[in-house]
Amino acid sequence: MPDYEIIERKWQTVWSDRKLNESERDERPKFMIIFAYPGVTGYLHVGHMRGYTYADAVGRYKRMTGYNVLFPVGTHATGNGAISLAARIAAGDENTIDYMIRNGCPPEKLEGELRDPLNVVRFFNDVYQEEYWKRFGFLADWRRFTCTLYPDYSRFMQWQFRKLNDAGLLIQKPYFAPACPSCGPVAVDPSETDLSKGGNAETQEYTLLKFRSGGEILVAATLRPETVYGQVCFWVNPEVEYVKVRNGGETWIVSPQAYDKLSHQMDGLERTGTVKGSDLVGRMCAAPMIHREIPVLPAEFCDPDVGTGMVTSVPSDAPDDWMSILKLKEDSSYAERYGVTKEMIDSVVPVSIISMKGYGEFPAQDIIERMGIIEAGDPRLEEAKKQVYKDGYHTGVMNDICGEFAGLRVEEAKDRMKQAMIDSGEADVFYDLSEEVICRCGRRVVIKKIDDQWFIDYGNEELTQRTSDHCRTMTINPVEYYNNVHAVLKWFRERACVRLGNWLGTKFPFDERWIIEAISDSTLYPVYYLISMYANDGRIAPEQMTEAFFDYAILGKGDPGTVSGECGIEEPLLRRIREDVLYWYPLDLNLGGKEHMTVHFPAFLKNHAAVLPPEMWPRGIMVNWYITGKKSKISKSKGGAQPIPGAAKRFGADGMRLYYAHVASPFADVEWDEDTLMSYSQRLDRIVSFVGDLASCKGPGTEMDAWLVSRMNAHVGTIRSAMEKYDLRQMATVAYFEIFNDFRWYQRRGGGDPGTISDCLRTWIKAMMPVTPHMAEEMWESAGFEGLVSEAQLPEAGERSVPAEYGEDLIREVMSDAQQIIKVTGIEPKRMVLYTSPSWKMKILGKALELQDEGELSIPSLTKACMSDQDIRAHGKAASDTARKTAEDMMRLPAGSMRPMFESDERAHLAAATGFLSGEMNLKAEVFSADDDGKYDPSDKAKMAVPGRPAIYLE
RNA sequence: GCGGGGGUAGCCAAGCCUGGCCAAAGGCGCAGGACUUAGGAUCCUGUCCUCAGCGGUUCGAGGGUUCAAAUCCCUUCUCCCGCACCA
């Protein structure tokens, strides 16, 4: 096994010394490509390299076809990922330390620098560049590297927000967001970046229903406000100590937990006292909407943590309620203990309110019976509830009893009834999480009302339309996304763009208490790569990046002299940056994982359309799917991480690049499988050693040279058209499989002309350069070619030789047919006799082609034409059969595809190959024409010969 | 629920948009052979059924359009993903 790392480092150094990765303006057409920069969340795994590799390979291909390519990279560090990682390191968290060490982090760093979040970001910026991207041979312009936490990047970001504001796209309104009382806003999502528990929770909108009882209001929270007409009683947990809360002129009674949650969402709440649940039981209260007095009954299932800790009871449609009432009626002793009278219990009678498909009067009862639930505490009640809720929502219609809402579908009634009660002061809105969510810091996450939240108004119709129209002109892969992106853009509404709390990120320019959030600061950044270089090398200081500077550099607004005076940047440099922007932008291709389809890409598109002029809007998007890890674990969260440098050492960076490029369509998930990767790695080794042998080949020129040249021309054509669509997989199939096989066939057939080999080998190695650049250089060098293949240009596809290719196809066909016969018969032939088509059949083919050219081909027309020819007619029924079959075949196949059969000299081809066939098949091969009088034909096989398919006799 | 994507030979995976050299690329696996060896080799051949290569039946299932369908249309079964502050 070669030491891949040494070879790879060698070429990386050469490229770097030649500054191949550094891109500057010149006369060539440009091509700018990026991948959506990764978030700095820790070590990446082998799956991530898939998309990045596509980007480098596409960039390299573009270089090879005449483009001046710019491929910049960066990282995204906004948020609290680095903060929490640093905190865990500082706390000495065992899992974290272990994870860091396992991925190659020097232990001493864990004792010191990595306890600071910004150092964590710096550390990983380095890891990503050095251990991943450079390690894989990317020709990225490292001078332009940027990170969302760089001060200069922040200046750019603030400028972008000023432009969004100028465009009228920043708006303010109240917002309810998950937040930790001490850490501020948190992201609730399955990745649990911010959380220690509850990533799957959803924010649910409850309707708070008010039940007047004396001078106080009992408050229940419900997800189903449309069921108020079915309320028959009210549940309170007698064991809970509820609190009294003054809310404006009202006194509310809710659980202490509910009070805590509500206080984050409503202003001016004041706790005034407590009341025991048991003291509430037995009272009557006025139900909202229906204005009927219903009894307050005791229920142990009322959880003070859920909703308000009190529940309104709608037994007709709530399985829980149904069961509880059933139980109460069977055994009233529990209720009576709290002073509930028999009359009260008897007064509780379910009311039918919703008719739904497949259910009777009381859906709750139906589902309970259907599922066979007989006890109040049955955990399946949860499932029953969901089922009734779902069916009710989609198929339910409100009954006549429901007043003005009678006849409405539940879907519609829900909102209208909720609104009606809010308007009449009988209800309010309350947000809660569907399950317990705990912040990284350990505190419980709540839903907090933010009064003056800033949003980017992505819902702006004009902007959406403009963006959508532009997308039709873009190259978007896969085509499914091209078609669907319009729906996504429409769906993508206003988005909260800033957040409070302890976060890494850019300060919001209009109010510095706010930090611009993670998605909003990563949409327009590709254009910043054209400026970052000048900040990185110190030619521009962040303070000099004023609004006027960006206005000029990016938008061309203002006069460079004036701007120079204003910001203090020298005028020539200003002009240079402006020229860079004009040259490189728009972005030609943005490549990102499928998770970007609904969030990043629409934001990326809309921001470009909002801030930049149309000629700077992006030209292409490519989405890649994932490498998943069922067979062997690759995910860092699973603990079985496969560090990227280790994999590269074992399989070779190029072996991995080839694996990514070829293992499947970019638009499908792939299971990480080391055996498969190994076979790609070995294939590459095999090619390298084969190429080494080829280069030293010194044989005579043969007819195979024309064939090989023709095949290479075909392959170059395929590669060029595949790469029009960025189809790396197709390119890799050609470069690593088809061309390889052709060279082998060439040699097997006796080809070995050094001139031909050298010409074709150049093209072959070039074809491999985009995907496996290091090995391509190695082969290029070992073949003695000049310069670097990374700097070479792919030739245009030349002419193909139809006869040469047809002749070889014929020989392979004959061999395959003969093998079939040998297999079926089981004989071990010593002699193979081939008979090419008799001339009269060839003549029929010729007539068929003529008719086809004239557009007159049909079975009768060909038969007629044949029968008027004496030579053909002489063969009687065989002639008409052949004519029919010929016409059928020709009409079935693409026009002209049978022409080579007619034009080539099959007999000569085969005769020239008898030596080869004899040797290959270990027998004596002979060729006759079916017309030959003296042919050896003991089994009368010659009559089967037709153009394109010689008859075969074996003995 | 809303939106999106799949189901192809033992396995992985192309093809489907733009119907026709598609019994369906390529890889893996398996079988036989060559070479000759300690290598996770390489080369050749085969790998739906039948069979001197003709032919037959296949591309989740069922219909339809067409001279012609894995490819277009409809129905159906089944699997997967996203739905918001995670690039």
Side-chain angles (χ1 to χ4, degrees), chain A residues 1 35-41 74-79 81 148 175 177-178 185-194 199 202-203 390 393-394 411 478-481 483-484 487-488 491-493 495-499 517-523 525 592-601 603-604 625-626 662-665 667-671 673 675-676 678-683 685-686 689-690 729-730 732-733 736-738 741 744 748 809 813-827 888-889 891-894 897-898 920 939 941 944 948-949 951-954:
Chain A
M1 188 172 83
F35 52 77
Y37 52 25
V40 181
T41 51
T75 59
H76 183 266
T78 307
T148 56
Y175 183 62
V186 292
V188 176
D189 67 79
S191 70
E192 301 193 339
T193 312
D194 300 349
E202 290 173 39
T203 302
K390 199 167 133 184
Y393 187 78
H394 297 287
E411 246 181 293
V479 67
E480 288 79 8
Y481 190 54
N483 293 328
N484 189 233
V488 176
W491 164 87
F492 198 71
R493 300 188 301 268
R495 181 180 189 89
C497 60
V498 292
R499 63 199 316 169
E517 66 83 40
I519 288 163
S520 303
D521 76 352
S522 52
T523 56
Y525 69 90
K594 64 178 179 180
E595 73 277 22
H596 296 312
M597 290 196 288
T598 50
V599 182
H600 171 250
F601 286 136
F604 158 76
W625 266 236
Y626 300 150
H662 190 262
V663 69
S665 156
F667 319 124
D669 286 336
V670 173
E671 258 181 35
D673 177 16
D675 292 340
T676 305
M678 183 46 110
S679 80
Y680 277 104
S681 179
Q682 284 175 347
R683 170 161 286 265
D685 291 345
R686 210 191 309 168
S689 86
F690 179 72
R729 185 170 204 269
Q730 172 81 36
T733 298
Y736 298 89
F737 297 91
E738 295 184 5
N741 286 337
R744 284 209 307 230
R748 193 170 159 198
D809 290 346
E813 192 85 1
V814 165
M815 285 177 75
S816 168
D817 282 349
Q819 297 287 2
Q820 284 285 325
I821 297 167
I822 290 168
K823 185 194 161 206
V824 168
T825 58
I827 57 174
E888 275 174 5
D889 286 350
M891 288 187 293
R892 191 163 51 85
L893 303 177
S897 61
M898 288 173 77
E920 283 285 322
S939 283
K941 293 288 177 195
M944 291 182 66
R949 190 130 210 198
I952 301 170
Y953 171 68
L954 295 168

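So that the names make sense, note that chain A is the first sequence line, chain B the second, and so on, each numbered from 1.
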Would you indicate whether the side-chain heavy atoms of Thr676(A) and Glu671(A) approach each other to under 4.5 Å?
no

Should Arg495(A) be listed as having a side-chain N or O under 4.0 Å from OP1 or OP2 of rA84(B)?
no

Measure the distance from NE2 on His596(A) to C1' on rC81(B) and round it to the nearest whole Å.
16 Å

Geometric class of the Tyr525(A)/Tyr37(A) ring pair [parallel <30°, tilted 30-60°, perpendicular >60°]:
parallel

What does Glu813(A) touch in the nucleic acid at a heavy-atom separation under 4.0 angstrom: a base, only the sugar-phosphate, or nothing?
nothing

Base, sugar-phosphate, or nothing for Ala496(A), non-hydrogen atoms under 4.0 angstrom?
base

Whole angstroms only, please: what is the CZ-C1' distance between Phe601(A) and rA84(B)?
17 Å

Within this structure, what is the CD-to-C1' distance between Gln730(A) and rG15(B), rounded to whole angstrom?
10 Å

Determine the contact category for Arg686(A): base if any of its heavy atoms lies under 4.0 Å from a base atom, sugar-phosphate if only primed atoms, P, OP1 or OP2 are that close, otherwise nothing.
sugar-phosphate

Interatomic distance, His662(A) NE2 vs rC28(B) P [rounded to whole Å]
11 Å

So Ala818(A), base contact, sugar-phosphate only, or nothing? Heavy-atom distance under 4.0 Å.
nothing

Answer with base, sugar-phosphate or nothing: what part of the nucleic acid does Tyr953(A) contact at a heavy-atom distance below 4.0 Å?
base

Categorize Ile952(A) for me: base, sugar-phosphate, or nothing, with a 4.0 angstrom heavy-atom threshold over every strand shown.
base

Atom-to-atom span, CZ of Arg683(A) to P of rC28(B) - whole angstrom:
6 Å

Does a side-chain N or O from Arg949(A) land closer than 4.0 Å to OP1 or OP2 of rG53(B), or not?
no

Remember a base hit wins even if backbone is also touched, and classify Val824(A) as base, sugar-phosphate or nothing at under 4.0 Å, heavy atoms.
base

Would you kindly give the CH2-to-C1' distance between Trp625(A) and rC80(B), to the nearest whole Å?
12 Å

Considering just the side-chain nitrogens and oxygens of Arg499(A), establish if one lies under 4.0 Å of OP1 or OP2 belonging to rC86(B).
yes

Side-chain N,O (Arg729(A)) to OP1/OP2 (rA14(B)) below 4.0 Å:
no

In whole Å, I'd like the distance from the CZ atom of Phe737(A) to the C1' atom of rA14(B).
12 Å

